[in-house]
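One is the number of the first residue; the rest follow in order along the sequence.
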Amino acid sequence: MEDILVSGLCKRFEDKMVLRDFTARFPAGQTTCVMGRSGCGKTTLLNLLMGFLSPDAGEIRGVPSRLSAVFQEDRLLDGFSARANIAFVCPQRPTAEIDRHLTAVGLAQDAGQPVRELSGGMRRRVAIVRAVLAEGDLLLLDEPFKGLDETTRAVVAGYLRAETAGRTVIMVTHDPDEVALMGGELLKMEPV
């Protein structure tokens, strides 16, 4: 595993420059919290790291081939249960292990429920467990605590810290309280 290096990254959407000469180092095996106001390019940065977008200029090095992500949208299969959503992406994981992880985030009673019947916060936790169990060398989290109350947010942050120890994690947020919950290095992004 190596550090992820981003240098001179630029990205424009039509006439709007989102990233200009953005440079950063994301240390291997550590959590980095990228914080900034809405619209400063945090999600664009994650999409560039995942290869969903190409930079207009600059270079990205060190991104591993195996990665997992929690997107701003949960991207779950509505007709599948919480357990089945995770098993679909992580077929090598035994049901007992999936259930242990769902229990750790407060979803013990809801593992067999179709996700369309779950609240937004519950769906969010299913998406988080799925990304953690996908075993990527890099875990990208885009506003992972969206829709979670304060108590649940603390539980899920503890789960993430425990289950991702030693993995490279990049979390984007606009909330300093979420940075404090996750720990790790802080990287502030400013709008262009």
Side-chain angles (χ1 to χ4, degrees), residues 1-13 16-75 105 124-125 127-148 150 152-192:
M1 223 174 2
E2 60 183 290
D3 292 352
I4 297 170
L5 303 173
V6 173
S7 57
L9 211 57
C10 296
K11 185 63 184 176
R12 172 187 298 275
F13 295 102
K16 179 165 175 47
M17 180 66 79
V18 179
L19 294 174
R20 178 180 288 132
D21 295 324
F22 180 78
T23 298
R25 181 178 69 83
F26 301 99
Q30 295 182 31
T31 296
T32 303
C33 296
V34 179
M35 190 175 80
R37 294 189 317 227
S38 292
C40 73
K42 301 181 307 290
T43 297
T44 298
L45 173 64
L46 293 186
N47 283 324
L48 288 162
L49 290 170
M50 287 185 277
F52 293 160
L53 296 173
S54 297
D56 298 328
E59 183 179 32
I60 301 171
R61 291 183 310 173
V63 175
S65 57
R66 294 184 335 145
L67 56 86
S68 60
V70 173
F71 299 91
Q72 284 188 7
E73 321 79 34
D74 298 321
R75 299 186 183 191
V105 297
R124 195 76 180 147
R125 287 178 275 163
I128 288 168
V129 169
R130 180 183 61 187
V132 166
L133 289 179
E135 280 193 338
D137 297 313
L138 170 62
L139 175 60
L140 301 169
L141 304 170
D142 195 348
E143 305 280 357
F145 304 118
K146 182 178 73 175
L148 302 183
E150 189 175 333
T152 305
R153 199 168 40 168
V155 167
V156 172
Y159 166 79
L160 280 167
R161 286 192 315 271
E163 295 297 332
T164 62
R167 283 170 74 180
T168 306
V169 177
I170 301 172
M171 179 184 91
V172 302
T173 183
H174 63 277
D175 188 338
D177 292 338
E178 294 180 359
V179 173
L181 280 172
M182 282 301 289
E185 288 193 24
L186 171 62
L187 173 65
K188 288 188 177 180
M189 280 186 85
E190 299 296 331
V192 173

Shortest non-hydrogen separation from [X] to [Y] and the atoms involved:
| X | Y | result |
| --- | --- | --- |
| Met182 | Cys33 | CB-SG, 3.9 Å |
| Gly29 | Thr168 | N-OG1, 2.8 Å |
| Arg125 | Val105 | NH1-O, 2.8 Å |
| Pro27 | Thr32 | CD-OG1, 3.6 Å |
| Ala131 | Ala69 | CB-O, 3.6 Å |
| Ile4 | Leu49 | CG2-CD2, 4.0 Å |

Is the shortest side-chain heavy-atom distance between [X] and [Y] below 4.5 Å?
| X | Y | result |
| --- | --- | --- |
| Val132 | Leu160 | yes |
| Met35 | Pro176 | yes |
| Val169 | Phe26 | no |
| Val63 | Leu138 | yes |
| Phe71 | Leu46 | no |
| Asp142 | Val70 | no |
| Leu148 | Val155 | no |

Quick one: does any side-chain atom of [X] pair with a main-chain N or O of [Y] as donor and acceptor, under 3.5 Å?
| X | Y | value |
| --- | --- | --- |
| Lys11 | Met17 | no |
| Asp3 | Leu5 | no |
| Arg124 | Pro144 | yes |
| Thr31 | Gly184 | no |

What's the separation between atom [atom1] in [X] and atom [atom2] in [Y], rounded to the nearest 0.5 Å?
| X | Y | atom1 | atom2 | result |
| --- | --- | --- | --- | --- |
| Met50 | Ile170 | CE | CD1 | 10.0 Å |
| Arg37 | His174 | CZ | NE2 | 12.5 Å |
| Leu139 | Ser68 | CG | OG | 4.5 Å |

### Message
So for atom CD, which belongs to Glu150, do other residues, nucleotides or ligands contribute more than 12 heavy atoms lying within a distance under 6.0 Å?
### Response
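Incorrect, the count does not exceed 12.
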### Asp137 with Arg167: basic N within carboxylate O range, under 4.0 Å
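Here Asp137 does not pair with Arg167 in a salt bridge, since their nearest N and O are not under 4.0 Å apart.
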### Query
Between Arg130 and Asp74, is there a side-chain N and carboxylate O pair less than 4.0 Å apart?
no
#### Entry: Evaluation steps, side chain to side chain contact (heavy atoms under 4.5 Å, CB included), between Gln30 and Glu185
CA-CA 8 Å; Gln30 295 182 31; Glu185 288 193 24; 3.5 Å; yes
### Message
What verdict does the side chain to side chain contact (heavy atoms under 4.5 Å, CB included) test give for Leu45 and Leu9, after you've listed the backbone C-alpha separation in whole Å, the side-chain angles of each residue and the deciding distance to 0.1 Å?
### Response
CA-CA 9 Å; Leu45 173 64; Leu9 211 57; 4.0 Å; yes
### Query
Are side-chain N/O atoms of Gln72 and Thr43 paired as donor and acceptor at under 3.5 Å?
yes
### Task
Applying side chain to side chain contact (heavy atoms under 4.5 Å, CB included), run through Glu178 and Met171 and close with a yes or a no.
CA-CA 9 Å; Glu178 294 180 359; Met171 179 184 91; 4.2 Å; yes
### Task
Show the numbers, then the answer: is there a side chain to side chain contact (heavy atoms under 4.5 Å, CB included) between Tyr159 and Ile128?
CA-CA 10 Å; Tyr159 166 79; Ile128 288 168; 4.2 Å; yes
Listing, residues 51-61 side-chain donor-acceptor contacts under 3.5 Å, not counting sequence neighbours, or none:
unit_1 : atom_1 : unit_2 : atom_2 : d
Asp56  : OD2    : Arg12  : N      : 2.6

